[in-house]
Amino acid sequence: MGEPEQLEFARERHVLFLEAMASELPGDYASQEVNHLTLAYFAVAGLSLLRELDRVNKDQIAKWILSFQVHPETGNELDNGQFYGFCGSRTTQFPSTNVKDPCHNGSHLASTYSALAILKIVGYDVANFDSKALLSSMKELQQPDGSFMPIHIGAETDLRFVYCAAAICSMLKDWTGMDKEKAKQYILSCQSYDGGFGLVPGSESHGGGTFCAVAALRLMGFIQVDLASNLREPASIDVYLLMEWCLQRQAEDGGFQGRRNKLSDTCYAFWIGGVLKIIGAYHFIDHGALRGFLLSCQSPYGGFTKLLDDQYPDIYHSYYGLAALSLLEEDGIEPLCVELGIISAAL
């Protein structure tokens, strides 16, 4: 595995691509309108990695983000079972035809994570808004097994939403929104025989689920910041087996696969690389080969593609391509707080 010498980091193309995405998304993204805040996170967070936030109006972005927050009309409503976080889009704020949700509250854990991350990135002090309703109602989303529903009307429960809850509490510096011990036990139940984590107990190890598990444990203070400590001290997870599974995900082309027998995918350079960074084992990967893979996934239009042979970039893989290069300490890219998914300067 080696890095092709002719490949260069096309920084200016990526800046223009993300600046355009931050202004107006192409029509192909219309079907993802319900995830508007998450798409905005990729654009804003990507510009912050490139140190180009001055290309957007940060105050205007903060005001726009805050407009998605759902507030209880009275104090008594805190006990009605609803989640008072952030909606993902304008349409989720409209009256719903879903009879299960006559209150029309579309607050979602993933949207709330994205909202808070963007606010932190653009420099908004999250202490400026009252987080009591958000945190107290979020705790009601936690299930008896420690997992979280993402929305109060019910949905799947898996590691993605445990991570979102932990990241939300960490960014707000208030852990009253979850039972950390219960969440820890749920996470442990998701570690597979091969060392990785499935999204739910008993499922196949997956790069995204493994990141959510390890990042949440780190945010909650259950694993150490360096490999020697994690291997020496009694750990709640099998760190050695986890490290081995992650290292085996680097393929011959230098990229990372999310599961066994899958193609290398740009985003897993962050998901798997981030896990190795958190546990202190990132130095074991082939950095040059990974950088070569990532630069080969650059699009001539700016941004990054999902796979080596894909023709067009997308905003999701463009952000995670930059995040992976940040882990590699690429020149001109801002250092990243891996476990929160925001630049270190925003903390």
Side-chain angles (χ1 to χ4, degrees), residues 1-19 21 42-43 45-52 196 205-208 210-211 214-215 227 242-338 341 343-344:
M1 291 191 290
E3 180 184 346
E5 294 182 1
Q6 71 273 18
L7 294 176
E8 295 183 357
F9 177 51
R11 184 182 183 281
E12 188 57 32
R13 288 210 306 265
H14 302 318
V15 172
L16 294 174
F17 174 82
L18 289 170
E19 183 180 16
M21 288 290 191
F42 294 139
L47 286 171
S48 72
L49 283 171
L50 291 167
R51 301 169 181 164
E52 294 285 352
S205 294
H206 183 276
T210 300
F211 175 85
V214 174
L227 179 62
L242 167 66
M243 177 178 67
E244 185 177 19
W245 183 84
C246 288
L247 292 174
Q248 289 174 354
R249 301 283 69 75
Q250 189 167 24
E252 290 187 2
D253 58 14
F256 277 84
Q257 56 184 193
R259 292 178 287 162
R260 293 182 186 274
N261 303 315
K262 296 293 185 179
L263 295 175
S264 297
D265 181 327
T266 301
C267 67
Y268 292 110
F270 173 78
W271 296 126
I272 303 289
V275 171
L276 290 167
K277 197 82 167 183
I278 291 170
I279 64 174
Y282 194 69
H283 56 287
F284 289 126
I285 71 169
D286 187 331
H287 290 213
L290 176 58
R291 182 175 184 271
F293 171 83
L294 290 169
L295 296 185
S296 297
C297 289
Q298 294 180 114
S299 164
Y301 310 105
F304 290 74
T305 60
K306 171 184 170 73
L307 306 174
L308 278 173
D309 296 328
D310 284 352
Q311 185 174 6
Y312 299 112
D314 66 78
I315 193 170
Y316 174 86
H317 290 91
S318 296
Y319 168 71
Y320 285 114
L322 292 172
L325 286 170
S326 175
L327 299 186
L328 286 169
E329 300 180 4
E330 180 75 22
D331 287 344
I333 297 185
E334 193 72 12
L336 188 68
C337 173
V338 183
I343 55 173
S344 301

Q: Measure the acute angle between the ring planes of Tyr316 and Phe42, then classify it against the limits of 30° and 60° as parallel, tilted or perpendicular.
A: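 Aromatic pair Tyr316/Phe42 classed perpendicular.
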
I'd like to know if the side chain of [X] reaches the main chain of [Y], judged simply by a donor and an acceptor atom lying under 3.5 Å from each other, with no hydrogens or angles considered.
{"X": "Gln298", "Y": "Ala10", "answer": "yes"}
{"X": "Thr266", "Y": "Thr305", "answer": "yes"}
{"X": "Gln257", "Y": "Leu263", "answer": "no"}
{"X": "His14", "Y": "Gly303", "answer": "yes"}
{"X": "Arg259", "Y": "Ser205", "answer": "no"}
{"X": "Gln311", "Y": "Ser299", "answer": "no"}

Could you list the residues that satisfy salt bridge (Lys or Arg N to Asp or Glu O under 4.0 Å) with [X], not counting sequence neighbours?
{"X": "Glu19", "value": "Arg55"}
{"X": "Lys306", "value": "Asp265"}
{"X": "Arg51", "value": "Glu334"}

Can you check whether [X] reaches [Y] side chain to side chain, under 4.5 Å on heavy atoms?
{"X": "Tyr282", "Y": "Val338", "answer": "no"}
{"X": "Arg13", "Y": "Val15", "answer": "no"}
{"X": "Cys297", "Y": "Leu307", "answer": "no"}
{"X": "Tyr319", "Y": "Asp314", "answer": "no"}
{"X": "Cys337", "Y": "Ile343", "answer": "no"}
{"X": "Tyr320", "Y": "Trp271", "answer": "yes"}
{"X": "Trp245", "Y": "Val275", "answer": "no"}
{"X": "Arg260", "Y": "Arg249", "answer": "yes"}

Identify the two heavy atoms, one from [X] and one from [Y], that lie closest to each other, and give their separation to 0.1 Å.
{"X": "Leu7", "Y": "Gly292", "answer": "CD1-O, 3.6 Å"}
{"X": "His317", "Y": "Phe304", "answer": "O-CB, 3.6 Å"}
{"X": "Phe17", "Y": "Pro313", "answer": "CE1-CG, 3.7 Å"}

**Q.** Distance-only side-chain donor-acceptor flag, Tyr268 / His206, under 3.5 Å
**A.**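 Yes, a side-chain donor-acceptor pair sits under 3.5 Å.
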
Q) Could you go step by step and tell me if Leu295 and Glu8 meet the side chain to side chain contact (heavy atoms under 4.5 Å, CB included) rule? A) CA-CA 7 Å; Leu295 296 185; Glu8 295 183 357; 5.9 Å; no

Q) Which residue pairs pass the side-chain hydrogen bond (donor to acceptor under 3.5 Å, both in side chains) test with at least one member in residues 321-333, sequence neighbours excluded? A)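 Residue pairs passing side-chain hydrogen bond (donor to acceptor under 3.5 Å, both in side chains), neighbours aside: Arg291-Glu330.
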
Got a second to check how far [X]'s [atom1] is from [Y]'s [atom2], nearest 0.5 Å?
{"X": "Leu18", "Y": "Ser48", "atom1": "CG", "atom2": "OG", "value": "9.5 Å"}
{"X": "Leu336", "Y": "Leu49", "atom1": "CG", "atom2": "CG", "value": "5.5 Å"}
{"X": "Ile279", "Y": "Cys246", "atom1": "CD1", "atom2": "SG", "value": "6.0 Å"}
{"X": "Met243", "Y": "Leu276", "atom1": "CE", "atom2": "CG", "value": "8.5 Å"}
{"X": "Arg11", "Y": "Leu322", "atom1": "CZ", "atom2": "CG", "value": "10.0 Å"}
{"X": "Ile272", "Y": "Leu247", "atom1": "CD1", "atom2": "CG", "value": "10.0 Å"}

(Q) Walk me through whether Leu327 and Phe270 qualify under side chain to side chain contact (heavy atoms under 4.5 Å, CB included). (A) CA-CA 8 Å; Leu327 299 186; Phe270 173 78; 4.1 Å; yes

Q. By ring-ring contact (aromatic ring centres under 6.0 Å, His included), which residues pair with Phe256, not counting sequence neighbours?
A.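 By the ring-ring contact (aromatic ring centres under 6.0 Å, His included) rule, Phe256 matches no residue at all.
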
Q: Mind checking ring-ring contact (aromatic ring centres under 6.0 Å, His included) for Tyr301 and listing every partner two or more places apart, or none if nothing turns up?
A: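 For Tyr301 the ring-ring contact (aromatic ring centres under 6.0 Å, His included) partners, ignoring immediate neighbours, are Tyr312.
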
